[in-house]
Amino acid sequence: MPQRQYVIDEMISAKAIAARIEAVARDISTHFADTDKLVVVGLLRGSFVFIADLVREIDLPVEVDFLEASSYGDDTTSSREVRILKDLRGKIEGRDVLVVEDIVDTGHTLTHVLHMLGGRKPRRLAVCALLDKPARREVEMNADWIGFEIPDEFVVGYGIDFAQRNRNLPYIGKVRFTGDEA
Ligand code: PRP
């Protein structure tokens, strides 16, 4: 597929991400202090780096599970279909569940996922998202913990891709297009 040329400008450094994760994880640990075990659910694929760092800072017994959702639909309408491509391995009824997302954009993915997981009757269901882009929101969605609120920029890195590239950058970068399609 032809790809426009671009460079990546650092937006949030690896150090700033680590510091913020430490603070958020401390807050999550306090919030769920009475849990027997927290089920931490990562939304694939974008959250894989964030969840790895976050769980290592959470001072509670945790179980890690993954869910993969994909949203279809054209960008010009707010009607989006969200499909579950991979469901959880474990049961969450009566459990404390923390959903971990890399970025909240339109809000459709999390709305669908939370509705589905809520139907399974967890004891508590909360959300932690590394990035929040409120300017892009199409449905109301507020995560319980947010790492950073960002403007409507095209971001990559720390798990987030551009056409399946750049997920392995250790920081969050902003894509800047430099030329015509190659
Ligand atoms: C991205 C991101 C979120 C979702 C947010 O996932 O990781 O899951 O979109 O968008 P929304 O708020 O508009 O629903 P993507 O579909 O790109 O898949 P990926 O995580 O596998 O990269």
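Order of listing sets the numbers, starting from 1, for every ligand and every atom in it. Computed from a predicted model, the values in this text were never measured in an experiment.
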Pairs meeting criterion salt bridge (Lys or Arg N to Asp or Glu O under 4.0 Å) with involvement of residues 107-116, two or more places apart: none

Atom of Leu44, atom of Lys86 and distance for their closest heavy-atom approach: CD1-CD, 4.1 Å

Plane angle bin for His31 and Trp145 - parallel if under 30°, tilted between 30 and 60°, otherwise perpendicular: perpendicular

Salt bridge (Lys or Arg N to Asp or Glu O under 4.0 Å) partners of residues 15-33, not counting sequence neighbours, each pair once: Glu22-Arg26

Inter- and intrachain pairs under salt bridge (Lys or Arg N to Asp or Glu O under 4.0 Å), touching residues 106-126, at least two apart: Asp34-Arg123, Asp34-Arg124, Asp87-Arg120, Asp96-Arg123, Asp96-Arg124

Ligand 1: which protein N/O atoms lie under 3.5 Å from its N/O atoms?
residue	atom	partner	partner atom	Å
ligand 1	7 (O)	Asp102	OD1	2.7
ligand 1	7 (O)	Asp102	OD2	3.0
ligand 1	8 (O)	Glu101	OE1	3.2
ligand 1	8 (O)	Glu101	OE2	2.7
ligand 1	12 (O)	Asp105	N	2.9
ligand 1	12 (O)	Thr106	N	3.1
ligand 1	12 (O)	Gly107	N	2.7
ligand 1	13 (O)	Thr106	N	2.8
ligand 1	13 (O)	Thr106	OG1	2.5
ligand 1	14 (O)	Thr109	N	2.9
ligand 1	14 (O)	Thr109	OG1	2.5
ligand 1	20 (O)	Arg45	N	3.1
ligand 1	20 (O)	Gly46	N	2.9
ligand 1	21 (O)	Arg45	N	2.9
ligand 1	22 (O)	Asp161	OD1	3.3
ligand 1	22 (O)	Arg167	NH1	3.1
ligand 1	22 (O)	Arg167	NH2	3.1

Within the 6.0 Å centroid threshold, strictly below: Phe154 and Tyr6: no

